[in-house]
Protein chains: 2
Amino acid sequence: MAEGQKTTGSIIFAVRPIRTTLSNIRILVTDPVELIADGLRARLADIPDMKVVAYAATGKELLEHLAEAEIDLVLIEVSMPGMDGIDATREVRKRYPNVKLLAHSVLTDIEYVNSMRIEGASGYLAKSAPVQEIIHAIRVIMGGEEYLSPTVSASLDAGYKFTGKRMDGDYVGLTHREREIIRMIAEEKTNEEISALLFLSLETVKTHRKNLMTKLNVRSAAGLVKYAVDRRWI
Amino acid sequence: MAEGQKTTGSIIFAVRPIRTTLSNIRILVTDPVELIADGLRARLADIPDMKVVAYAATGKELLEHLAEAEIDLVLIEVSMPGMDGIDATREVRKRYPNVKLLAHSVLTDIEYVNSMRIEGASGYLAKSAPVQEIIHAIRVIMGGEEYLSPTVSASLDAGYKFTGKRMDGDYVGLTHREREIIRMIAEEKTNEEISALLFLSLETVKTHRKNLMTKLNVRSAAGLVKYAVDRRWI
DNA sequence: TATAAAATACCCCTTTGTGGGTATTGCGAC
DNA sequence: GTCGCAATACCCACAAAGGGGTATTTTATA
């Protein structure tokens, strides 16, 4: 133990004395594709201060793992069927405020970066990021700072695609009904079909639709569909 | 050599004598996420008859690799930016007819399965497939047969979502102009905006739009958007 | 209990998209 | 040279969506 700490400190944490208290960063990978966890585990095999200790295929599994195991950091994909990364992050933050979250996603659009940050993620990586960057990001985050991949922060630097309303979290706060309706829109249902399926008036559906577009700051159904597909709601 | 072949034959290919001629299946993984190749490489480390020998991040890189290296089988994601899996498969089949292609994709909808099969893929796996299934699929395919994951063939068994016209390859044969226009639709541009950008009449844009919907057998822009997002055209 | 958010519904009007066709010209392959 | 496909364009009709509001009731939370 004392020997292990000594080795760790002298090799890795020469510039971060605070880290000598961490012998190993325990990482839980949450991604629909298990090979990603396998790959990261293999690539981290030679890195002494971090290790993939668990894998979850869904946001639900993630929460189950967290209920049982000590995890320091969750690496999580945003675009997942079922409970997606944004919703899962909100839940993790609520129940396990000490667990760090690092997004690692195919989605790099600003709305997803902002969503994850607002929900509590400490970092955002594109899925195309090299492993060296993943390692660096993990260390930055475990050191208490935020890490945004250059790929991703370029979007932020380009300015906010959406209004400040988005920063208030409105876009992440789609209601249950709105989520139902956006799914149906993305499934090519007309307003009238939706109204029949949900036993609502046509006017109500139109209103929800308008609210959706305002919240997500899109101009048409096309934007709604893209959002729903990105988040794997359909 | 002779010893190697003997070992291989007695352990793995007892039921497939033809395979004794293959000492090792050389796999090229094509996926935007390198960790997937890393993961598969790690998981195949103990499998003597197959090995990940190369990785390509894009369809373009895939073709470059094939120009230089001997590859037996390409494992390929469908949903990729730039040259996607469907387009890449078409190209590989044209230039390297002896290379086997196995789709390994987040997309499991029937139109993508059919697209890949029509373009020449010998198999289709969902990204959620366990490694054992990947291994099995590779063996089936290298044995000369087609392998469809149960997840995926369930869609096929449920019947064709689209008309027989799709089996003719129409949907994969979107023209250059149609692709331009579907991207713009997915980017929320109105017909009038598209017509201005492309110096066309509004009527022409509407016509293309109708053709797109017919080819892809969708009912509205929502279907077009989903298709474009799935294929990572935007 | 009070308040805010969610859900529901409506009106008016305009814009845009969809469905059903038709036609001509240009280009590439055979 | 012929043929088929892609690109371009058009007409008509009407369905559907979008934009700008308004309002009431229900539900969840502090």
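The figures that follow rest on heavy atoms only: side chains count, while hydrogens, waters and symmetry mates do not. Chain letters run A, B, ... following the sequence lines, proteins first and then strands; every chain starts at 1. A quick note: this is a predicted structure, and the numbers were derived from the prediction, not measured.
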May I have the distance from [X] (atom [atom1]) to [N] (atom [atom2]), rounded to whole angstrom?
| X | N | atom1 | atom2 | result |
| --- | --- | --- | --- | --- |
| B:Glu203 | C:dG21 | CD | C1' | 12 Å |
| B:Leu202 | D:dA9 | CG | C1' | 11 Å |
| A:His176 | C:dA7 | NE2 | C1' | 12 Å |
| B:Leu224 | C:dG19 | CG | P | 10 Å |
| B:Arg179 | D:dA7 | CZ | P | 11 Å |
| A:Glu188 | D:dA17 | CD | P | 11 Å |
| B:Arg177 | C:dC27 | CZ | P | 14 Å |
| A:Glu178 | C:dA6 | CD | C1' | 8 Å |

Per [X] side chain, nearest of listed nucleotides [options]:
| X | options | result |
| --- | --- | --- |
| B:Met213 | C:dG19, D:dA9, C:dC10 | C:dG19 |
| A:Lys210 | C:dT8, C:dG20, D:dG21 | D:dG21 |
| B:Leu200 | D:dT8, D:dA16, C:dA7 | D:dT8 |

Short side-chain donor-acceptor distance under 3.5 Å, B:Ser122 and B:Glu146
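There is no such pair between these side chains.
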Task: Residue pair A:Glu61 / A:Ala56: nearest heavy atoms and the distance that separates them - done: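 In terms of heavy atoms, the two residues are closest at OE1-CA, 3.6 Å.
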Could you tell me whether the phosphate oxygens of [N], OP1 or OP2, come under 4.0 Å of any side-chain nitrogen or oxygen in [X]?
| X | N | result |
| --- | --- | --- |
| B:His208 | D:dA7 | no |
| B:Thr204 | D:dA9 | yes |
| B:Asn191 | C:dT16 | no |
| B:Arg209 | C:dT18 | yes |
| B:Thr190 | C:dT15 | no |

A quick test of your reading: do over 12 heavy atoms of other residues, nucleotides or ligands sit less than 6.0 Å from CZ of A:Arg93?
no
So which one's nearest nucleotide on DNA chain D is more toward 5', B:Lys206 or B:Ser201?
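Closest to the 5' end, via its nearest nucleotide, is B:Ser201.
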What I want to check is whether an N or O donor and acceptor connect the side chain of B:Thr175 with the base of D:dC5 at under 3.5 Å.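 Under the 3.5 Å cut-off, the side chain and the base do not form any donor-acceptor pair.
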Quiz question: going by heavy-atom distance under 3.5 Å, is there a donor-acceptor pair between the base of D:dC10 and the side chain of B:Thr207?
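For B:Thr207, whose side chain was compared with the base of D:dC10, there is a donor-acceptor pair (under 3.5 Å).
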| request: Report yes or no: does B:Tyr55 contribute a side-chain atom to a donor-acceptor pair with the main-chain N or O of B:Leu35 at less than 3.5 Å? | output: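 It does not hold such a pair.
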request  = Report the relative orientation of the aromatic rings in A:Tyr112 and A:Tyr227; use parallel for angles under 30°, tilted for 30 to 60°, perpendicular for over 60°.
outcome  = parallel
